[in-house]
Structure formats: C-alpha cells, structure tokens
Amino acid sequence: MRKALFVVAANVLMLTLCGTAQAASAKRADTYPNFRQLAAHEAEGKDFRRVQRFPRGARVAHIAIHGGAIESPTTQLANAAAGSTYAFYSFEGLKPSGNRQLHITATHFDEPKALKLVAAVDYTVSWHAAAGGNATTYVGGRDKGLVRKVSAELRAAGFTVAASVPGEIAGVSPRNIANKNRRGMGVQLEISRGQRERFFAGGKLGRAWVENPAHRTEAFNRYVAAVNRALS
C-alpha cells in the first residue's frame, strides 16, 4: 500500500515538474506584432533607438534585434563582432524598466532599416539571449554549413554548444530576419544567461554595466573571436 502511494505521489510530482518546466520555457506574447505598431506607441530616442553601420563591401552582418536592455548584452556582442569590417545593426531598448515590451520576435521583426541592411549581405549572425543558468549556446539558423563552423569554433575555444536546439529558438523559418539575406539563410545565436554572465566582471548584465568595455572579461573577446573565425 505504501509502495503504491509512493508511486502515485512520484507520478504526480513528475507531472507537476513537467508542467512547470513547460510553463517556464513558454515564450510570452509580444506586446507589438510588428515595428509599425511599436513605433506608433513608443518614442524613438527615448524608449528605443536604431543603430547601424555598413562598411563598404561588407558581406556579413552582425545584428541584435533585441538589443540594449531588451536582451543584454546582445548589442555589445554584435557590435564587437562587426568591428570596422562587417555590417552592424541593433534595435535597442532604452526604457528604465519594462523593455521586454519592445521585443518583436525574429519572424515578425520588420523594422525597415534592418531589413534593408540584411538584404544587402550574404551572411547574417543574429545575436540573442536565452534563459538558463548553465553556460551554453544554442546555434540555430538555416545556414547549416555556417552553423557547423560556428559550433566547432566555439567548442574549440572552450565554450559549450548545445547538441540540439529547441524548436522555438531554432531560427529556421524563412521569415526569421536572420534568413533574409541574399542567400536566404543565416545563423541565430541564443546565448544562455549563465554564459552571458561570464562575459562581464561580477556577472552583471545591467545596461550601464555592459556598455562599459572595461567590464568585459577575457571570455567576451574569446567568444566573439571564435564566431568570426567561422566567418573567415
């Protein structure tokens, strides 16, 4: 009898934990379905800003469509990776709080400047933040050849790359902005919080903290260099 009760209790606990995990992994709905709606309700220069560079002849774009305080520190990573050689784009949340409402999922992200910049290059690396305390990266996207190269370079540099990518962050939809370059395929990096914390002294990810290059750790530079080696 006690054994039967234990089995029932264990099964209930398992179902509860599974439900909790599913709830935790579920993505919250975006406040705005597209950029037009966002721009109608948010003030550019106050709530958000758009930043871009396009060096002459650039064939690669590093983009952070959830930059600033939306998904820290994707702006800094994309900017450092682009340097003076590659194209760079960032849509940045500037609000004191509540920047999550500026999040437009990658398959709906239709900000005109971003679309124009990505359409002008052959290769795209889209930088994103993922949940999770373990230091890992989910490498997705339609460019399977580049996915393999980026994964290999990150592992060679000492970083953990997930063996599989959850469907909701796989980045394989043709509607994903990462895949709207001239070749119709790009790479999407989803970097766990545990990994992002290792990029900055004290593991701090506040906007003011990550904007200061002096706070970057050796891991930040090593990570960016590994991604770019895959592009060379």
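All residue numbers in this chain count up from 1 along the given sequence.
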With rounding to the nearest 0.5 angstrom, report the [atom1] to [atom2] distance, [X] to [Y].
X      : Y      : atom1 : atom2 : result
Thr75  : Leu77  : OG1   : CG    : 9.0 Å
Lys204 : Ser72  : NZ    : OG    : 13.0 Å
Ile65  : Phe91  : CD1   : CZ    : 9.5 Å
Phe199 : Glu218 : CZ    : CD    : 10.5 Å
Gln188 : His128 : CD    : NE2   : 4.0 Å
Thr124 : Tyr86  : OG1   : OH    : 12.5 Å

Check Lys113, Arg53, Glu111 against Tyr89 for a side-chain hydrogen bond (donor to acceptor under 3.5 Å, both in side chains) and give me the one that passes. Glu111
Nearest heavy atoms of [X] and [Y], plus distance in Å:
X      : Y      : value
Val147 : Gly140 : CG2-O, 3.5 Å
Phe159 : Ala219 : CZ-O, 3.5 Å
Pro174 : Arg142 : CG-NH1, 3.6 Å
Leu115 : Phe109 : CD2-O, 4.0 Å
Phe48  : Glu42  : CE2-O, 3.6 Å
Gly132 : Ser192 : O-CB, 3.6 Å

Examine distances only and state if a side-chain atom of [X] and a backbone atom of [Y] form a donor-acceptor pair shorter than 3.5 Å.
X      : Y      : answer
His66  : Ile104 : yes
Asn179 : Gly186 : yes
Arg196 : Pro73  : no
Asp47  : Leu94  : no
Arg49  : Glu92  : no
Asp110 : Asn34  : no
Thr217 : Arg198 : yes
Asp30  : Pro33  : no
Arg59  : Asp122 : no

Answer whether the closest heavy-atom distance between the side chains of [X] and [Y] falls below 4.5 Å.
X      : Y      : answer
Val210 : His215 : no
Val118 : Asn181 : yes
Leu189 : Val125 : yes
Val121 : Phe54  : yes
Met185 : Lys144 : no
Ile63  : Trp127 : no
Arg193 : Leu205 : yes

Same apolar cluster: [X] and [Y], side chain cutoff 4.5 Å:
X      : Y      : answer
Leu117 : Tyr123 : no
Ile177 : Leu146 : no
Val60  : Phe88  : no
Leu231 : Val161 : yes
Val187 : Val165 : no

Salt-bridge present (Arg50, Glu44; N to O < 4.0 Å): yes
Criterion salt bridge (Lys or Arg N to Asp or Glu O under 4.0 Å) on Glu153 and Lys149, from CA distance to verdict: CA-CA 6 Å; Glu153 290 292 350; Lys149 290 180 180 179; over 6 Å; no
May I ask you to check whether [X] and [Y] show a side-chain donor-acceptor distance below 3.5 Å?
X      : Y      : answer
Thr107 : Asn176 : no
Gln195 : Glu197 : no
His62  : Asn228 : yes

Taken in chain and number order and not counting sequence neighbours, the residues that satisfy salt bridge (charged side-chain N to carboxylate O under 4.0 Å, His left out) with Arg148 are none
According to side-chain hydrogen bond (donor to acceptor under 3.5 Å, both in side chains), does anything in residues 129-140 pair up with another residue at least two apart or in another chain? List the pairs. Thr137-Tyr223
Can you spot which of His108, His103, His41 makes a ring-ring contact (aromatic ring centres under 6.0 Å, His included) with Tyr32? His41
Look at atom NZ of Lys95 and say whether more than 12 heavy atoms of other residues, nucleotides or ligands are closer to it than 6.0 Å. yes
